[in-house]
There are 2 protein chains.
Amino acid sequence: MTKIQSRHGFQSCSDCPIKYRAVCSKCDADELGLLENIKYYRSFDAGQPILFSGDPLQFVASVVSGVATMTQTLPDGRIQMVGLLLPSDFIGRPGREIVSYDVTATSDVTLCCFRRHPFEQLIATTPHIGQRLLEMSLDELDVAREWMMLLGRKTAREKITSLLALIARRNAALVQHPLSDGMSFELPISRETMANYLGLTIETVSRQMTALKREGLITMAGNRGVAVPDLAALMLETGDDADGTALL
Amino acid sequence: MTKIQSRHGFQSCSDCPIKYRAVCSKCDADELGLLENIKYYRSFDAGQPILFSGDPLQFVASVVSGVATMTQTLPDGRIQMVGLLLPSDFIGRPGREIVSYDVTATSDVTLCCFRRHPFEQLIATTPHIGQRLLEMSLDELDVAREWMMLLGRKTAREKITSLLALIARRNAALVQHPLSDGMSFELPISRETMANYLGLTIETVSRQMTALKREGLITMAGNRGVAVPDLAALMLETGDDADGTALL
DNA sequence: CGAAGGTTTGAGGTCATTCAATTACAGTGG
DNA sequence: CCACTGTAATTGAATGACCTCAAACCTTCG
């Protein structure tokens, strides 16, 4: 009797690709067992909504794979991204009845969901979950604050180069390669999503990308492929310190 | 033998003005006792720095009274405020060796400080502190995200009116009065601080304040006194939904 | 191959900034 | 109490960065 391979390609917590970083990463075997009782996987196609602001919050979740965005919308339709959700990131807020933000899948996404009420009780009873969630929340706060600096004070060009540097850095970490000149990566998000991240319009994003191309700071392969011949030169344009410690 | 009244006007946790909201608010008597062992009060005059970005983080603290700001600075001197610290707010990050932001007293400030290492151990051993800190961090994240929307997408006028609405709301909560037409309050921060909060220049802040005055949306008594004849009219200018749920 | 969506490019306008000068304010000492 | 001084705030004119609106151009996928 063979096991049926699930859509996301793994079965249990022990195989989970995000087990070292997710909200459950500090849990021992017993605690993981409790979590398994209340968890289930859900998948979303690229472009699909995951949560709507204002709806009741039924579950919290970890992003297992894919990219999702948290956005807020003003009554007249202006959109600002307030969170970029990557594998191991946490969705939802324990103790909150109502969803506060729109969450949308930007690529195909797999979530590890926990029903909210049981999860809240686990937080109260098993310290490791709450501790990890605290760590993650404090990290997110730091990210949010860097982002506020970007939104409030940086120029369009600095915003774009900061984002490129962020993606390059994250990509390097993911592939376990150090940052290096000539490195290349795929943009995980569209121009529109970039614009909503940076507090710019699509057109301004496009123009700045073109300018960076023209000046040789980046080269592009299609709309999503980016190569960086001289990393230090790109970092210089972010407005941050040379070492680029700033954005994460 | 009479007790010497301390500078901040109270002696112990039982008298503490922020005991219902601070990081210690969930602690029982035993836990408070442990905290008392590692705590001490410090006061700062208006304008004084409290923490410098890059310095070792020796203590964490609760704001007992006064107003402080958390700011980040780019190498060329641009400043963005990333946190407004009011009574009961928490300063510092457990688990972090180095201070990440400049913290400055905007008014005279009194802090209830805890040495960092013992405090971190308390988090590990007494669940109530960690739980409360998690709640507070999640609240701060929501605030930071509202703020990101403001910085990324709102116009100068919307930024100013949003800030006024925020202060009005917070003031009403403090004085235990409901929001009402004709209410008045003191701005706790200068024009420059407002500008750093909103991602604007001083001049733009000033111009927008003047415009609101001219249009009768606010009236001013000196540079800091604000009265709002028609609250709904002001809220309409924030860009948020009519009920103004948005900014906290 | 054609359609649809995403992206780029262009021209023109607007809002916030910059730089500079003036005015109000608060604290100090006479 | 009032002039004095330094800081904070306002006002003005001009510039410039980013936006808006519109059209053309790629790509990707059926």
Side-chain angles (χ1 to χ4, degrees), chain A residues 45-48 74 76-80 104 106-108 150-163 186-215 218-226 237 239, chain B residues 45-48 69 74 76-80 104 106-108 150-164 186-215 218-226 237 239:
Chain A
D45 292 333
Q48 292 280 314
L74 291 178
D76 66 0
R78 279 173 285 176
I79 295 176
Q80 174 64 51
T104 308
T106 293
S107 66
D108 290 352
L150 177 146
L151 291 171
R153 293 302 188 194
K154 286 192 175 179
T155 65
R157 161 177 272 244
E158 289 169 336
K159 287 178 175 182
I160 295 281
T161 50
S162 294
L163 177 58
E186 290 280 308
L187 294 176
I189 54 179
S190 68
R191 296 294 133 90
E192 183 179 15
T193 310
M194 290 174 69
N196 288 338
Y197 184 106
L198 299 171
L200 297 172
T201 58
I202 296 182
E203 295 93 326
T204 299
V205 170
S206 179
R207 273 185 251 274
Q208 294 295 334
M209 293 290 285
T210 304
L212 294 176
K213 234 184 310 183
R214 191 172 48 234
E215 297 170 30
I218 60 173
T219 58
M220 300 219 52
N223 284 333
R224 298 289 188 102
V226 178
E237 301 292 331
Chain B
D45 292 334
Q48 293 280 314
T69 63
L74 292 179
D76 67 0
R78 280 172 284 176
I79 295 175
Q80 174 65 52
T104 310
T106 294
S107 65
D108 291 353
L150 178 146
L151 290 171
R153 293 302 189 194
K154 286 191 175 181
T155 65
R157 160 177 275 245
E158 289 170 336
K159 287 179 174 181
I160 295 281
T161 50
S162 294
L163 178 57
L164 292 177
E186 290 282 305
L187 293 175
I189 53 178
S190 69
R191 295 298 132 93
E192 183 179 14
T193 310
M194 289 174 70
N196 289 339
Y197 183 107
L198 299 172
L200 296 172
T201 59
I202 297 182
E203 295 93 325
T204 299
V205 170
S206 181
R207 273 185 251 276
Q208 294 295 335
M209 293 290 285
T210 305
L212 293 177
K213 235 185 307 183
R214 191 172 48 235
E215 297 170 29
I218 59 173
T219 58
M220 301 219 53
N223 283 334
R224 297 290 187 102
V226 178
E237 301 291 331

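So you know, we letter chains A, B, ... as the sequences are listed, proteins then strands, and number each from 1.
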Trainee: Which atom pair, heavy atoms only, marks the closest approach of Gln48(A) to Thr104(A)?
Mentor: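 Looking at all heavy atoms of both residues, the shortest contact is O-CG2, 3.4 Å.
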
Trainee: Quick one: label Ser190(B) by what it contacts on the DNA or RNA (base, sugar-phosphate, nothing), any heavy atom closer than 4.0 Å.
Mentor: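 Counting heavy atoms under 4.0 Å across all strands, the contact made by Ser190(B) is with sugar-phosphate only.
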
Trainee: Applying side chain to side chain contact (heavy atoms under 4.5 Å, CB included), can you list everything that pairs with Leu187(B), at least two apart in sequence or on another chain?
Mentor: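 Per chain and number, Leu187(B) pairs via side chain to side chain contact (heavy atoms under 4.5 Å, CB included) with Leu164(B), Ile167(B), Phe185(B), Arg191(B), Met194(B), Met209(B), Arg224(B), Val226(B).
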
Trainee: Verify, without hydrogens or angle tests, whether Arg78(A) (side chain) and Gly152(B) (backbone) share a donor-acceptor contact under 3.5 angstrom.
Mentor: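 No; zero donor-acceptor contacts below 3.5 Å.
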
Trainee: Would you say the side chains of Lys213(B) and Thr219(B) form a donor-acceptor pair under 3.5 Å?
Mentor: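 No, because no side-chain N or O of Lys213(B) sits under 3.5 Å from a partner of the opposite role on Thr219(B).
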
Trainee: Which part of the nucleic acid, if any, lies within reach of Thr210(A) when heavy atoms closer than 4.0 Å are counted: base, sugar-phosphate only, or nothing?
Mentor: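 Since only primed, P, OP1 and OP2 atoms lie under 4.0 Å of Thr210(A), the category is sugar-phosphate.
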
Trainee: Looking at Ser162(A) and Lys154(A), what are the two nearest heavy atoms and their distance?
Mentor: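 Residues Ser162(A) and Lys154(A), closest heavy atoms: OG-NZ, 2.8 Å.
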
Trainee: For the side chain to side chain contact (heavy atoms under 4.5 Å, CB included) test, which of Leu212(B), Thr204(B), Val205(B) pairs with Gln208(B)?
Mentor: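 The residue from Leu212(B), Thr204(B), Val205(B) that satisfies side chain to side chain contact (heavy atoms under 4.5 Å, CB included) with Gln208(B) turns out to be Thr204(B).
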
Trainee: Report, as a single string ordered 5' to 3', how protein heavy atoms within less than 4.0 Å touch nucleotides 14-30 of chain D: B base, S sugar-phosphate only, - not at all.
Mentor: ----SSBB---------

Trainee: Please give me the minimum heavy-atom distance between Thr106(B) and Pro188(B), naming the atom from each residue.
Mentor: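 So the minimum-distance heavy-atom pair works out to CG2-O, 3.7 Å.
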
Trainee: At a heavy-atom distance below 4.0 Å, which nucleotide of DNA chain C is the first touched by chain A, and which is the last?
Mentor: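 First and last nucleotides in contact are dT7(C) to dA11(C).
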
Trainee: Which angle, to the nearest 10 degrees, lies between the helix axes at the two ends of the helix from dC1(C)-dG30(D) to dG30(C)-dC1(D), each defined by five pairs?
Mentor: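 Helix axis angle between the two ends: 40°.
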
Trainee: How close do Thr161(A) and Glu158(A) get, counting heavy atoms only, and between which atoms?
Mentor: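 Of all heavy-atom pairs spanning Thr161(A) and Glu158(A), the closest is OG1-O, 3.2 Å.
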
Trainee: Quick one: list whatever passes side chain to side chain contact (heavy atoms under 4.5 Å, CB included) with Ser206(B), sequence neighbours left out.
Mentor: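 Side chain to side chain contact (heavy atoms under 4.5 Å, CB included) check on Ser206(B) returns Thr210(B).
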
Trainee: Which protein N or O atoms sit under 3.5 Å from an N or O of nucleotides 1-5 of chain D?
Mentor:
none

Trainee: Once you round it to whole Å, what is the distance between C1' of dT11(D) and CZ of Arg191(B)?
Mentor: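 After rounding, the gap between these two atoms is 14 Å.
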
Trainee: Donor-acceptor pair, distance only, cut-off 3.5 Å: does the side chain of Asp45(A) make one with the backbone of Gly47(A)?
Mentor: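 No; judged by distance alone, with no hydrogens or angles, the pair does not exist.
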
Trainee: State plainly whether the residues Glu237(B) and Lys159(B) are in salt-bridge range, i.e. N to O under 4.0 Å.
Mentor: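 Salt bridge flag = no for Lys159(B) with Glu237(B).
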
Trainee: Do Gln80(A) and Leu151(A) make a side-chain contact, defined as non-hydrogen atoms from C-beta onward lying under 4.5 Å apart?
Mentor: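 Yes - at least one pair of side-chain heavy atoms lies under 4.5 Å apart.
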
Trainee: Does any N or O in the side chain of Arg157(B) come within less than 3.5 Å of the main-chain N or O of Ala211(B), such that one atom is a donor and the other an acceptor?
Mentor: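 Not a single qualifying donor-acceptor pair exists.
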
